[in-house]
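Convention: sequence-line order gives letters A, B, ...; per-chain numbering from 1. Bear in mind the structure is a predicted one, so any value in this text is a computation, not a measurement.
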Amino acid sequence: MISNKEIAGILSKTADLLEIKGENPFKVRAYRNAARIIENSAKDFNKLVNEGFDLTKLPGIGHDLSEYIKEIVKTGKFHKLEELKKEIPQGVAELLSIEGLGPKRVKLLYETFGIKNMDELKKYALSGELEKLPGFGPKLIEKILKGFKQLKKAGIRFLWADVENIAYEMREYLLDYKGVQIVDIAGSFRRKKESVGDLDILVIADDYQRVSDYFVKFHRVKEIYSKGLTRSTVFLDNSLQIDLRAVAKDSYGAALHYFTGSKAHNIEIRKLAIEKGLKINEYGVYKGNEKIASSKESDIYKSVGLNYIEPELRENRGEIEASRINALPKLIKEEEIKGYMCTVKDMDEVKKYIDDFVKVNKEYLILNVSNRYELINKVKTLKNSKNIKLITAAEVSVDENGDFEIPEDVLNNADIIAALMKKTELSAKDQTQRYLKVLNSKKINILLRPSLREVLTDAGVDLDWDEVFNAAYSNNVVMEVNSNPKYLDLSDILIKKAIECGVKIIITGNYKNIKYGIYQARRGWCEKKDAVNFWNYERVGKLWGL
DNA sequence: GCCGTTTTCGGCCCGACTGTTTTCAGTCG
Ligand SMILES: Nc1nc2c(ncn2[C@H]2C[C@H](O)[C@@H](COP(=O)(O)OP(=O)(O)OP(=O)(O)O)O2)c(=O)[nH]1
Ligand SMILES: [Mg+2]
Ligand SMILES: [Mg+2]
């Protein structure tokens with residue numbers, strides 16, 4: 001069964017090759033746009049096609065692309081891509097991953113010298129032959145040679161949590177510079193995407209045109225890619241790219257909006273402006289030559305008739321329409337959490353989490369006991385002595401057939417049961433049935449690590465989420481959102497889908513990690529009604545019959 | 001290739017930085 005990601009990959013690859021061929025850039029954009037829509041969608045396109053859903057109902061997918069997507073789903077191949085691959089050898093498109101090489105230059109390299117991979121490019125660059133090409137001077141060639149090492153364009157990304165410290169270190173560094181008033185980390189970092197391709201940093205300063213000079217002197221800068229009066233790009237020693245944008249205070253709102261993105265969101269907002277006879281750029285909103293908004297982000301939205309949209313929602317996944325009709329979700333906030341849920345394996349962990357819990361001053365704590373059920377009784381004893389609202393969960397492991405055992409005393413002693421699906425290789429159909437068996441067993445309250453995914457990998461179960469979420473809804477099974485930044489399971493997209501199916505989530509994790517899960521829940525349009533550990537103890541008690 | 005209570009044709013977001021460009025194309029955010 002072909003995944004959304006695979007369909008998107010085929011369309012996006014086609015876009016790359018069309019672009020190298022010199023096709024109409026707007027056609028190329030249409031392919032990329034379709035790829036983005038599919039990759040971001042909570043709907044399974046394989047299923048949509050098989051059910052005969054009219055894909056042209058989706059904005060951005062018209063008659064042609066709809067047919068192409070059907071072809072891809074039904075055959076696993078796309079004839080246009082197959083033809084393009086015959087014309088343009090494999091390695092040519094890979095040259096696009098080098099910073100500074102776009103479709104035009106790659107085409108020129110291929111047509112002039114027949115360069116079709118990185119090795120050949122390197123050979124020609126070192127031999128000096130490249131300089132014969134129009135537009136290829138010594139500086140560009142030097143850049144290309146260095147560019148072999150850069151990551152961003154090659155699609156290599158970092159976990160959000162892995163760039164957090166360096167982001168704040170850079171912010172402190174910039175704040176130290178004279179006249180700097182505001183430093184915001186924008187881009188996908190501000191939108192809280194689970195992984196980021198780079199850091200995008202906005203600086204507001206008195207003499208903002210001087211900031212670039214200072215920026216590139218940051219001690220971890222290894223390579224300066226470009227440097228101008230209002231924007232610069234550098235690479236750090238760990239190959240992380242950092243983009244800097246510096247503007248005057250008056251443009252703060254417009255610049256923050258621009259630099260937060262996403263690109264697709266920006267384009268939609270700018271199209272709305274055009275319809276209203278306005279123009280939006282990173283400096284402001286303009287009616288003719290008159291600037292009508294610029295200093296506050298919310299004013300940018302207001303100028304095109306929209307309510308303010310939280311950064312986590314800015315992915316062009318329906319947030320603009322929702323904003324227009326006053327239907328944006330009221331997202332959960334970190335500080336509104338009422339109860340924590342942590343997994344414990346031994347008494348030391350139990351004590352540690354209880355100690356932490358007392359410090360954070362929240363209402364209740366759920367301890368999920370894995371492996372050793374005798375812990376449950378010890379935890380209960382502790383609960384009475386410490387006089388805290390403690391809920392005990394017993395973790396059960398589900399085998400390949402969808403069976404699991406809960407010993408009698410566990411059933412009697414644990415407040416709730418949480419199921420963890422053992423990793424198995426099953427067809428999507430069988431996997432779905434296995435999940436349904438568990439959900440319909442009426443014995444479990446929480447499904448842990450529902451998709452077994454891992455961020456930045458292809459890991460994860462293949463199944464029919466509509467069926468699984470519908471069963472979870474009917475049986476009142478809550479889905480875990482695991483806050484470990486390596487897992488973030490459920491993902492933002494599946495959280496959104498779960499919520500649309502009426503399924504509740506519980507955001508789990510220790511005090512350090514919990515925010516990462518909350519970020520993803522916000523990206524999944526999560527409101528208080530959707531997240532059970534944002535409810536008070538009484539309401540949770542009713543849900544689980546405590 | 002997509003799209004349309006201004007349109008079924010002719011638009012499609014908008015701007016900064018680089019290079020060898022003497023007026024702008026290519027690339028990128
Ligand atoms: N209007 C407009 N804005 C753009 C465009 N490309 C990028 N931006 C804005 C929105 C992006 O969120 C922001 C930062 O660009 P990035 O390439 O770093 O993308 P982003 O941070 O969203 O994702 P990333 O994780 O870095 O891949 O700049 C564009 O073509 N047009
Ligand atoms: Mg970025
Ligand atoms: Mg960037």
Side-chain angles (χ1 to χ4, degrees), chain A residues 11 14-15 18-20 22-37 55-69 80 95-109 130-144 147 150 152-153 186-188 196-202 208-209 212 216 224-234 241-247 251 254-255 257-286 300 304 316:
Chain A
L11 293 176
T14 307
L18 287 173
E19 200 174 29
I20 291 173
E23 256 293 359
N24 177 351
F26 298 104
K27 185 197 273 197
V28 174
R29 180 189 293 182
Y31 276 82
R32 295 226 166 95
N33 198 31
R36 183 191 55 78
I37 291 166
L55 297 175
T56 65
K57 286 215 173 72
L58 306 171
I61 296 175
H63 175 268
D64 291 9
L65 277 162
S66 158
E67 290 303 314
Y68 298 157
I69 294 165
K80 289 213 173 219
L95 297 176
L96 290 173
S97 69
I98 296 166
E99 297 269 1
L101 283 191
K104 301 284 165 60
R105 287 172 182 158
V106 166
K107 183 177 191 218
L108 194 62
L109 289 169
L130 239 46
E131 283 192 60
K132 291 178 191 152
L133 290 176
F136 281 74
K139 290 209 172 163
L140 179 60
I141 288 167
E142 191 191 342
K143 209 171 222 182
I144 288 170
Q150 316 301 10
K152 171 118 202 287
K153 264 193 87 189
S188 50
V196 301
D198 68 356
L199 287 175
D200 304 286
I201 304 186
L202 175 67
Y208 61 92
Q209 301 191 337
S212 276
V216 301
I224 300 170
Y225 178 76
S226 69
K227 177 168 159 303
L229 291 175
T230 78
R231 58 160 304 139
S232 299
T233 294
V234 300
Q241 176 178 331
I242 306 194
D243 293 327
L244 176 93
R245 200 68 215 256
V247 300
S251 293
H257 180 260
Y258 151 72
F259 219 23
T260 298
S262 65
K263 174 178 168 174
H265 176 90
N266 286 356
I267 290 176
E268 277 317 296
I269 298 290
R270 288 172 182 206
K271 277 194 211 157
L272 282 183
I274 293 170
E275 281 171 24
K276 292 184 186 301
L278 305 172
K279 180 180 77 168
I280 296 181
N281 59 27
E282 61 266 55
Y283 302 108
V285 183
Y286 299 84
I300 310 301
V304 290
N316 197 17

Considering every strand and a 4.0 Å limit on heavy-atom distances, what is the contact class for Tyr258(A): base, sugar-phosphate, or nothing?
base
Under 4.0 angstrom, heavy atoms only, what part of the nucleic acid is Pro103(A) near: base, sugar-phosphate, or nothing?
sugar-phosphate
Looking across every strand, which nucleic acid part, if any, lies under 4.0 Å from Glu268(A) by heavy atom: base, sugar-phosphate, or nothing?
nothing
Using OP1 and OP2 only, check whether a side-chain N or O of Tyr283(A) sits under 4.0 Å from dA16(B).
yes
What one should report as the nearest heavy-atom pair of Leu108(A) and Phe136(A) is CD2-CE1, 3.9 Å
For Lys279(A), answer base if it contacts any base atom (sugar-phosphate contacts may also be present), sugar-phosphate if it contacts only those atoms, and nothing otherwise; contact means non-hydrogen atoms under 4.0 Å.
sugar-phosphate
Heavy atoms from C-beta onward define the side chain here; which of dA16(B), dC13(B), dT27(B) lies closest to that of Arg231(A)?
dA16(B)
Pairing residues for Tyr225(A) by the side chain to side chain donor-acceptor pair (under 3.5 Å) criterion, not counting sequence neighbours:
none
Among Arg32(A), Arg29(A), Lys27(A), find the residue that satisfies the salt bridge (charged side-chain N to carboxylate O under 4.0 Å, His left out) test when tested with Glu19(A).
Arg32(A)
Can you tell me if Thr233(A) touches the phosphate of dG29(B), counting only side-chain N or O atoms and a distance under 4.0 Å to OP1 or OP2?
no
Given the rule in the side-chain contact (heavy atoms from CB on, under 4.5 Å) test, do Leu140(A) and Arg105(A) qualify, once you have shown the distances and angles that lead to the verdict?
CA-CA 11 Å; Leu140(A) 179 60; Arg105(A) 287 172 182 158; 3.8 Å; yes
Less than 4.0 angstrom from a charged side-chain N to a carboxylate O is my criterion; do Glu282(A) and Arg231(A) meet it?
no
Have a look at Ile242(A) and say if it touches a base, only the backbone sugar-phosphate, or nothing, with a 4.0 Å heavy-atom cut-off.
nothing
Is it true that Lys271(A) and Glu268(A) have a side-chain N and a carboxylate O under 4.0 angstrom from each other?
yes
Within less than 4.0 Å of OP1 or OP2 of dC13(B), is there a side-chain N or O belonging to Asn266(A)?
no
Whole-Å P distance, dT6(B) and dG1(B)
28 Å
Classify the nucleic acid contact of Ile269(A) as base, sugar-phosphate or nothing, counting any heavy atom under 4.0 Å across all strands shown.
nothing
Please walk me through it: do Asn316(A) and Ile37(A) pass side-chain contact (heavy atoms from CB on, under 4.5 Å)?
CA-CA 9 Å; Asn316(A) 197 17; Ile37(A) 291 166; over 6 Å; no
Using a 4.0 Å heavy-atom cut-off, write out nucleotides 1-6 of chain B from 5' to 3' as B (base contacted by protein), S (sugar-phosphate only) or - (no contact).
BSS---
Could you tell me how far apart Glu99(A) (CD) and dC17(B) (P) are, to the nearest whole angstrom?
16 Å
Can you tell me the distance, in whole Å, between the CG atom of Asn281(A) and the P atom of dC28(B)?
22 Å
dC13(B) C1' sits how many Å from His257(A) NE2, rounded?
12 Å
Nearest to the side chain of Ile274(A), heavy atoms from C-beta on, is which of dA16(B), dG29(B), dC13(B)?
dC13(B)
Whole angstrom value for the distance that separates P of dG15(B) from CG of Leu244(A)
20 Å
Under 3.5 Å between N/O atoms: give me all the protein pairs with nucleotides 18-21 of chain B, atom names plus distance.
unit_1  : atom_1 : unit_2    : atom_2 : d
dT18(B) : OP1    : Lys227(A) : N      : 2.7
dT18(B) : OP1    : Lys227(A) : O      : 3.1
dT18(B) : OP2    : Lys227(A) : O      : 3.2
dT20(B) : OP1    : Gly137(A) : N      : 2.3

Rounded to the nearest Å, what distance is computed from the CD1 atom of residue Ile144(A) to the C1' atom of nucleotide dG26(B)?
12 Å
For dC28(B), take OP1 and OP2 only and decide whether either is under 4.0 Å from a side-chain N or O of Gln241(A).
no
Could you check whether any side-chain N or O of Asn266(A) sits under 3.5 Å from a backbone N or O of Tyr258(A), counting only pairs where one atom can act as donor and the other as acceptor?
yes
Tell me: CG of Asn316(A) to C1' of dC13(B), nearest whole Å?
13 Å
Quick check on DNA chain B: between Ser212(A) and Arg270(A), whose nearest nucleotide comes earlier from the 5' end?
Arg270(A)
Across the strands shown, which category fits Arg29(A) at heavy-atom distances under 4.0 angstrom: base, sugar-phosphate, nothing?
base
Is there a donor-acceptor pair closer than 3.5 Å between any side-chain N or O of Ser232(A) and the backbone N or O of Leu244(A)?
no
